[in-house]
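What follows is a short report on a single structure.
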Amino acid sequence: MPSAEKTSVHQDRPDVRPTRRDSIAASGSELIGGPAGRRALRAPGGRLTPVRVVALVAIGMFALGMVQKMPCYNWAWFRGVNSQYTHACYSDIPHLFVGRGFSEGLVPYFDRLPGDMAYLEYPVLTGLFMQIASWLDLAGGSLQNQQQVYWLINAGMLMICTAVIAVCVTRTHRRRPWDALLVALAPAFALTATINWDLLAVALTAAAMLMWSRGRVVAFGVLIGLATAAKLYPGLLLAPLLLLCWRSGKWREFTTASFAAASTWLAVNLPVMVLAPEGWKKFYTFSQERQVDFGSFWLIIKNRAGVAIEPETANNYAMLLMVLIFLGMAALTLYAPRRPRFAQLAFLIVAAFILTNKVYSPQYVLWLIPLAALARPRWRDFLIWQACEVMYFLGIWMYLAYTTGGKNQGLPADGYYLAIALHLAGTLYLCAMVVRDILMPERDEVRRDGSDDPSGGVLDGADDVFVLGRTAADDGFPADGPRVEWGTPPSGTASDR
């Protein structure tokens, strides 16, 4: 274990101010009076703490996202198909209230649905979330009114998830709370927050990252298990954790976290698995059998090259690509001059899953936004990526408007393929920036003040046990001294120390 001198070196240092380090953040701060001065008072007991500010901003942006959905709420969801696409305000929530039997009181997984989807095609915890919202929907009157109230109830529950995400990301990096403004102000977050129920899994994952940063291994595992019971992707975070614990020799912590995650996932799923096996496995069979769909590079290959890609073929190739990417991440982790930060590898593995998957729904960007804020807290790169995602958000709805509106409006196929390419390019660009930070840790914004891994928990400041490449010590940097010795603080930041 690292000594007290290693782990306490930053405890009495002030918070890092992005407006003093990031030119884009500094320029943006002019809207509210400019960067904080070097003599600005720090008031931990004050009302406007970073956590509260970020949470309020996130809720405000969420509310703006709800306003953006108003044309659909008022009429476009219920009058034809095309209008909800031309107004870019589509949401699954009101449609599935009817399409998945909630309006008729059917119980997910247990009651067979009358349409072409035999059972609810969502994981168990998300199904429970949807069911609770339907129990809270006590609206009478027309079916349209019930759908509107159901969307509002879900939006309220998802707003709570948004607040949880904001608080957790703010507190994960103790000295960098303002990085969470990247999440709060992300335009793609506001636009996609109420399309589906993904924010439940995102909130649980953000809480898990916070618990790991505090060294609470069991709590991390429990939350990852819950998150995986709501959406499949959070389970991927155990893969980079395996690599980091391998390099640092933290096998007991990894085993404990994995066991807690698996046990929690099983505890949530087992009742439905036993009592309604056909309904329970629908999510997994649907995911396997789903055709190549919107947003993926597989769709471009299929339609532009005229190559028939069956679901099984896409699944196999996607799995192969993920295995190859994991092996590349293993080499990166073990050869890097310093052990990568947990948030960096977590971002890369989820981004790899998104890039190789056979479908990319617009709300999947929510999976990456909190991880991106922790992995690469630079406003320029984050906004470049967000611009690409906003273009994709508009592109998919305009393409659907084109295909459902008699081709008199919207975006034709070639334009949509360009939107997909922008999404892929933006995500790959941010991945490249994260990989560069791993290979050149002196350029990592989080480590520029000498920090090791603020979100790493038991990994933060830990010694390496298994390394294949040259380490920081080989290049003249102390391997076991205070971590502050590593960083090369940028000029003009003495006031931040």
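Excluded from the calculations below are hydrogen atoms, water molecules and symmetry mates; all remaining heavy atoms, backbone and side chain alike, are included.
- Residues meeting the side-chain contact (heavy atoms from CB on, under 4.5 Å) test with Ser263, sequence neighbours left out: Phe259.
- Sorted by first and then second residue, the salt bridge (Lys or Arg N to Asp or Glu O under 4.0 Å) pairs with a member in residues 410-422 read Arg304-Asp414; sequence neighbours excluded.
- Every salt bridge (charged side-chain N to carboxylate O under 4.0 Å, His left out) that Arg290 has, sequence neighbours left out, goes to Asp293.
- Aromatic rings of Phe129 and Tyr122 (six-membered ring for Trp) have centroids beyond the 6.0 Å cut-off, not under it.
- Applying the side-chain contact (heavy atoms from CB on, under 4.5 Å) rule to Tyr119 yields the partners Arg112, Glu278, Lys282; only residues at least two apart in sequence or on another chain are considered.
- Listed by chain and residue number, Tyr416 satisfy the ring pair (Phe, Tyr, Trp, His ring centres under 6.0 Å) test with Tyr399 (two or more places apart in sequence, or in another chain).
- Taking the side-chain hydrogen bond (donor to acceptor under 3.5 Å, both in side chains) definition, one finds that Gln288 meets it with Asn315, sequence neighbours left out.
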N/O donor to acceptor pairs below 3.5 angstrom from side-chain atoms of residues 219-229, sequence neighbours left out:
{"from": "Thr228", "atom 1": "OG1", "to": "Ile224", "atom 2": "O", "distance (Å)": "2.7"}
{"from": "Thr228", "atom 1": "OG1", "to": "Gly235", "atom 2": "N", "distance (Å)": "3.2"}

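- Remark: Ile59 pairs with Met159, Ala163 by the side-chain contact (heavy atoms from CB on, under 4.5 Å) rule, at least two apart or across chains.
- Remark: Thr427 pairs with Ala351, Leu355, Leu368, Trp385, Glu389, His423, Cys431 by the side-chain contact (heavy atoms from CB on, under 4.5 Å) rule, at least two apart or across chains.
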Under the side chain to side chain donor-acceptor pair (under 3.5 Å) criterion, do Asp381 and Tyr429 qualify, and how do the steps go?
CA-CA 8 Å; Asp381 298 331; Tyr429 169 75; 2.5 Å; yes
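- The ring of Tyr150 has its center closer than 6.0 angstrom to the ring center of Phe97.
- Evaluation of the salt bridge (charged side-chain N to carboxylate O under 4.0 Å, His left out) rule for Lys358 yields no partner, not counting sequence neighbours.
- With sequence neighbours left out, Asp453 forms a salt bridge (charged side-chain N to carboxylate O under 4.0 Å, His left out) with no residue at all.
- For Phe347, there are no ring pair (Phe, Tyr, Trp, His ring centres under 6.0 Å) partners two or more places apart in sequence or in a different chain.
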